[in-house]
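Comments concern the structure below.
Basis for what follows: all heavy atoms, side chains included, without hydrogens, waters or symmetry-related copies.
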Amino acid sequence: MSKTHRVGSFVLALFLLISTVGAVFLVVFQSQQQDEQNSLQEEAQNSLNESEQTSNETTTPQEGKLEGTQLAGYTPTDQRITELRFEDLVEGSGAEVLASSTVTADYTGALATTGIIFQSSLDTGQPFTAPLSNLIQGWQQGMPGMKVGGTRRLFIPADLAYGQSGQGNIPPDSDLVFDIVLISVQ
């Protein structure tokens with residue numbers, strides 16, 4: 001065998017070796033990415049299940065609905081909410097919400113003075129997806145920094161919610177409390 005053939009064979013063998021190592025690396029990397037994605041989805045579902053279980057333990061929803069029942073783990077207050085604040089009930093570990101994000105989440109909203117739920121996506125079984133910039137000011141200011149898989153409770157003053165006009169079964173000048181389970185961020 002000539003020297004040129006040996007060099008060619010060596011180069012071909014080296015190319016096959018590098019291609020094989022690269023393919024193995026790619027498969028391992030994709031597998032790790034899929035495992036991480038599955039883990040984040042499982043955390044979000046577990047958080048949602050924990051929230052539903054806690055809610056079901058403390059209230060008896062009419063016909064399986066949360067609307068009209070008491071928000072789990074919340075004590076109503078006659079004190080006005082004067083500034084936006086939040087409490088992370090479950091710390092997420094996934095992607096972080098930015099002001100420019102589009103979020104997919106489940107939510108349960110209640111009146112701060114009574115703790116009565118006025119709406120919950122859990123009643124429909126359908127999380128919502130929307131650009132953060134299209135939501136009420138309380139969400140726009142209260143969600144950045146939240147991570148996928150987390151559950152955050154927002155305490156929103158009326159002026160950062162629906163203000164003097166109210167909305168649907170939310171009376172005018174109502175301070176609101178939302179429990180938000182973040183499913184994904186884009």
Side-chain angles (χ1 to χ4, degrees), residues 44-45 47-92 95-186:
Q45 187 60 44
S47 176
L48 177 60
N49 290 344
E50 288 173 10
S51 176
E52 286 176 348
Q53 182 180 4
T54 301
S55 177
N56 289 336
E57 290 171 358
T58 59
T59 63
T60 307
Q62 298 169 345
E63 301 174 23
K65 299 274 185 194
L66 293 173
E67 185 176 330
T69 64
Q70 184 72 35
L71 182 63
Y74 175 73
T75 304
T77 180
D78 290 331
Q79 299 292 319
R80 293 301 308 239
I81 298 174
T82 58
E83 63 184 13
L84 177 72
R85 56 187 183 85
F86 67 86
E87 175 185 342
D88 284 322
L89 304 175
V90 175
E91 188 75 29
E96 188 172 308
V97 175
L98 304 174
S100 60
S101 295
T102 294
V103 297
T104 298
D106 272 311
Y107 68 92
T108 300
L111 301 174
T113 55
T114 64
I116 300 298
I117 296 169
F118 58 81
Q119 190 174 47
S120 178
S121 65
L122 299 174
D123 285 348
T124 65
Q126 295 294 319
F128 81 97
T129 299
L132 194 56
S133 61
N134 289 356
L135 303 175
I136 62 173
Q137 288 292 314
W139 282 48
Q140 289 180 35
Q141 296 175 24
M143 285 192 69
M146 186 177 181
K147 295 181 180 179
V148 170
T151 301
R152 181 171 281 184
R153 179 166 286 172
L154 295 177
F155 301 88
I156 304 175
D159 64 328
L160 296 179
Y162 298 101
Q164 295 178 347
S165 61
Q167 170 95 7
N169 53 1
I170 303 170
D173 293 319
S174 292
D175 297 331
L176 304 178
V177 178
F178 280 94
D179 283 355
I180 302 168
V181 178
L182 185 60
I183 297 169
S184 69
V185 174
Q186 298 171 359

Which heavy atom of [X] sits nearest to which heavy atom of [Y], and what is that distance?
X      : Y      : result
Thr77  : Gln79  : OG1-N, 3.0 Å
Thr108 : Ser120 : OG1-OG, 2.9 Å
Pro171 : Leu111 : CD-CD2, 3.9 Å
Val97  : Met143 : CB-O, 3.5 Å
Thr114 : Pro76  : O-CG, 3.1 Å
Met146 : Gly150 : CE-O, 3.3 Å

Check side chain to side chain donor-acceptor pair (under 3.5 Å) between [X] and all other residues, then give those that pass, not counting sequence neighbours.
X      : value
Ser121 : Asp106
Tyr107 : Gln119
Ser184 : Thr104
Thr113 : none

What distance do [X] atom [atom1] and [Y] atom [atom2] have between them, rounded to the nearest 0.5 Å?
X      : Y      : atom1 : atom2 : value
Ile136 : Ile156 : CD1   : CD1   : 4.0 Å
Ile117 : Asp179 : CD1   : CG    : 8.0 Å
Gln70  : Ile116 : CD    : CD1   : 5.0 Å

Scan the side chains in residues 157-164 for donor-acceptor partners under 3.5 Å anywhere in the protein, sequence neighbours excluded, and list what turns up.
none

Q: Tell me, please, which residues at least two apart from Phe118 pass ring-ring contact (aromatic ring centres under 6.0 Å, His included).
A: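 Per chain and number, Phe118 pairs via ring-ring contact (aromatic ring centres under 6.0 Å, His included) with Phe178.
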(Q) Among residues at least two apart in sequence or on other chains, which ones pass salt bridge (Lys or Arg N to Asp or Glu O under 4.0 Å) with Asp173? (A)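 Salt bridge (Lys or Arg N to Asp or Glu O under 4.0 Å) check on Asp173 returns nothing, list empty.
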Q) Which pairs with one or both residues in residues 119-140 pass salt bridge (charged side-chain N to carboxylate O under 4.0 Å, His left out), sequence neighbours excluded? A)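 Of all non-adjacent pairs touching residues 119-140, none passes salt bridge (charged side-chain N to carboxylate O under 4.0 Å, His left out).
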So, using side-chain contact (heavy atoms from CB on, under 4.5 Å) as the criterion, who are the partners of [X] when residues are at least two apart?
X      : result
Thr102 : Thr129, Pro131, Gln186
Phe155 : Tyr74, Ile81, Arg85, Glu87, Arg153, Val177
Glu96  : Lys147
Pro172 : none

Q.
Do Val181 and Pro127 make a side-chain contact, defined as non-hydrogen atoms from C-beta onward lying under 4.5 Å apart?
A.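 No. Closest side-chain heavy atoms not under 4.5 Å.
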(Q) Donor-acceptor pair, distance only, cut-off 3.5 Å: does the side chain of Ser101 make one with the backbone of Val103? (A)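 Judged by distance alone, no pair lies under 3.5 Å.
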